[in-house]
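These notes concern the structure reproduced below.
For the single chain, residues carry numbers from 1 onward in sequence order.
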Amino acid sequence: MADPKGFLRTPRREAPRRPVEERVRDWDEVYVPGGLLPIVGGQADRCMDCGVPFCHDACPLGNLIPEWNDLVARDDWRAASERLHATNNFPEFTGTLCPAPCEAGCVLAINQPAVTIKNVELAIADRAWDEGFVSVRPPERLSGRSVGVIGSGPAGLAAAQQLTRAGHTVAVYERDDRPGGLLRYGIPAFKMDKRRLERRLRQLADEGVRFRTSTEVGRDVGAAELRARHDAVVIATGATQWRELDVPGRDLTGIHQAMEYLPLANRVGEGDLPVSPLNAEGRHVVIVGGGDTGADCLGTALRERAASVTQLDIYGRPGDERDEEAEPWPTYPKLYRLSPAHEEADELRSSPPAHADARLFAASTLRFTGDERGRVRELHLVEVDAGRRPRPGTEQVLPADLVLLALGFQGPERRPGGLVDQLGLGADARGGLARDAGFATPVPGVFVAGDAGRGQSLVVWAIAEGRAVAAAVDRWLTGATVLPAPIGAHDRPMTA
């Protein structure tokens, strides 16, 4: 390590965010442009280069974190980029979107604030693009084999890039009009600038990946036709079957799924629409669901100038410190965290009846009530205990002109007669598509990667699955592979 006492001399400093009043007026990323560069070298110097780097195990990609921390501390950005890209196809995706389980596993985090691994990762990725360290790497020779990848989210893109670099001809099928999956239409631009996605897509296309957009496999192209067209098929369609809320009044107008709301806001940013049909301006918005998708809805509604925004979380408020009994280091702890959207809601006081950050914890929806035109006007809720049992006398009524359901996802969509039916694929206990430890389905030459098999998960797991399934496909096609396989299909995050 560059400075053996760096972790003693330098306190943790995170990337500075733009002022709330400024950033809620636009859709740019929330962080100060270039704000990382003055501090990132010192933050990388805090890495202790410990003998057993648990950050490796906490990250499913196996990122070489101490190595590129040391290189950044020594100002060797080219070498840092090489080490970072050795394990991660898209470090700017993880550097902006991943909740950083690597930091929870940082040895320094046993008794001090962890190294800002995620910030260092993003700084390397941005510097690599700025300095021209990221190159197009087409294969030296073609294998004569063809692979069809269904879905262009992070798992599908990672698989496509790895297989293309191995010499196979790869076509990516995407049902939307642009590639990117949830990175394109699910993630708001203030979390990740779409230009980060666009430049990676250009890199993949220049390396030889072919994109077939506005093409839904199972409808526009039959599964049998696709199998005849390609030597192998990778299903990376994600877990897009959203959960419903079965309470009285659900059929009222004005109640929508988060993934109906967020894509429309993103399409405005793409220039497809002048204004979203579900625009929150001047409306009282209630978001049901306390996860990241709910926070994305919160930040989006604030930028659309909602009259008020409240987020309901059925779980109690997490603690500020790690529970060493239930979630010991180096597992990823459930803590009270203030995302940029919650910070914005806090400062803008977007929800008078809620906590400062717009969240109502331990809150369960009872019913919706509406007006004579059948439009939602109120959400009735009750406080619940840890067992989700209502606490008597705790009912509340919130004004609600727009309700967004952000309750998570149940697995891949299963449309009658669609892709899954045509291939005759089964489901596992979690609701994902059944596969063996090597990502293979019972159908010869058909593999499953990402959330379609794992269930709703993190972007870092999706990229790891994409890399691993590429190795499995390459081995199936050629009998051997040199592609890395960082995880198995049934691997799970560290737990106590």
Side-chain angles (χ1 to χ4, degrees), residues 1-2 40 44 47 49-50 52-98 100-103 105-106 115-140 154-168 170 196 199-200 203-204 206-209 449 458-475 480-488 491:
M1 52 185 160
V40 73
C47 180
D49 194 17
C50 45
V52 181
F54 280 83
C55 55
H56 283 196
D57 290 328
C59 173
L61 283 167
N63 281 333
L64 306 173
I65 295 164
E67 294 184 33
W68 41 256
N69 272 331
D70 178 65
L71 291 165
V72 168
R74 298 177 187 276
D75 206 31
D76 191 346
W77 292 89
R78 180 182 291 276
S81 172
E82 291 173 356
R83 301 312 291 149
L84 178 60
H85 283 91
T87 58
N88 189 348
N89 298 69
F90 315 121
E92 61 271 59
F93 298 174
T94 49
T96 52
L97 303 176
C98 184
C102 53
E103 294 187 17
C106 174
V115 175
T116 55
I117 297 170
K118 176 177 171 178
N119 282 181
V120 178
E121 177 182 43
L122 182 60
I124 298 170
D126 284 346
R127 186 70 174 263
W129 282 103
D130 292 343
E131 298 290 336
F133 301 153
V134 179
S135 60
V136 175
R137 294 170 47 194
E140 295 183 0
L157 293 179
Q161 185 167 59
Q162 294 292 97
L163 288 165
T164 298
R165 289 175 172 178
H168 308 301
V170 179
R196 298 187 186 279
R199 65 191 181 190
R200 282 297 178 186
Q203 181 195 34
L204 266 68
D206 289 345
E207 290 177 351
V209 176
L458 306 178
V459 62
V460 68
W461 281 92
I463 296 173
E465 288 231 355
R467 290 172 66 86
V469 79
V473 172
D474 187 40
R475 184 181 297 107
T481 186
V482 296
L483 294 178
I487 59 171
D491 289 349

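Across A159 and V469, no two heavy atoms sit closer than the pair CB-CG1, 3.8 Å. The minimum heavy-atom distance linking A462 with P154 is given by the pair CB-CG, 3.8 Å. Taking each heavy atom of A58 and G105 in turn, the nearest pair found is CB-CA, 4.2 Å. Q162 and A470 get closest at one heavy-atom pair: CB-CB, 3.5 Å. For the residue pair P484 and A471, the shortest heavy atom distance occurs at O-CB, 3.7 Å. The two residues G167 and P139 have their closest heavy-atom pair at CA-CB, 3.7 Å.
Residues passing the salt bridge (Lys or Arg N to Asp or Glu O under 4.0 Å) test with R199 are E92, D126, sequence neighbours excluded. Scored by the ring pair (Phe, Tyr, Trp, His ring centres under 6.0 Å) test, F133 finds no partners at all (sequence neighbours excluded). P486 meets the side chain to side chain contact (heavy atoms under 4.5 Å, CB included) test with A464, R467, A468; sequence neighbours excluded. Under the side chain to side chain donor-acceptor pair (under 3.5 Å) criterion, T94 pairs with N88, E121, not counting sequence neighbours. Remark: D206 pairs with V136 by the side chain to side chain contact (heavy atoms under 4.5 Å, CB included) rule, at least two apart or across chains. Checked against side chain to side chain donor-acceptor pair (under 3.5 Å), D75 has the following partners two or more places apart in sequence or in another chain: W77. Remark: Q161 engages N89, Q203, E207 in a side chain to side chain donor-acceptor pair (under 3.5 Å) (not counting sequence neighbours). For S81, the side chain to side chain donor-acceptor pair (under 3.5 Å) partners are H85, not counting sequence neighbours.
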Would L483 and R165 count as a side-chain contact (heavy atoms from CB on, under 4.5 Å) here? Give the steps.
CA-CA 9 Å; L483 294 178; R165 289 175 172 178; 5.9 Å; no
Would you sort out whether H168 and V473 count as a side-chain contact (heavy atoms from CB on, under 4.5 Å), showing the intermediate values?
CA-CA 10 Å; H168 308 301; V473 172; 5.8 Å; no
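F93 has its side chain out of reach of V460: every pair of non-hydrogen atoms, C-beta onward, lies at least 4.5 Å apart. In this structure, the side chains of E131 and R78 stay at 4.5 Å or more apart for every pair of heavy atoms. Counting heavy atoms from C-beta outward, R196 and T96 have side chains that approach closer than 4.5 Å. For the pair C55/I117, a side-chain contact is recorded, criterion being any heavy-atom separation below 4.5 Å from C-beta on.
Applying the side chain to side chain donor-acceptor pair (under 3.5 Å) definition to pairs two or more places apart or across chains, those involving residues 59-68 are N63-T87, E67-R83.
E82 contributes atom CD, which lies 8.0 Å from atom CG of D76 (distance to the nearest 0.5 angstrom). Going from atom SG of C47 over to atom CD1 of I65 covers 8.0 Å, rounded to the nearest 0.5 Å. The structure places CZ of R137 at 11.5 Å from CG of L204, a figure rounded to the nearest 0.5 Å. The structure places CG of L84 at 10.0 Å from CG of L122, a figure rounded to the nearest 0.5 Å. Rounding to the nearest 0.5 Å places CD1 of I463 at 6.5 Å from CZ of F90.
Considering N69, V72, N119 as possible partners of I124, the one that fulfils the side chain to side chain contact (heavy atoms under 4.5 Å, CB included) test is V72.
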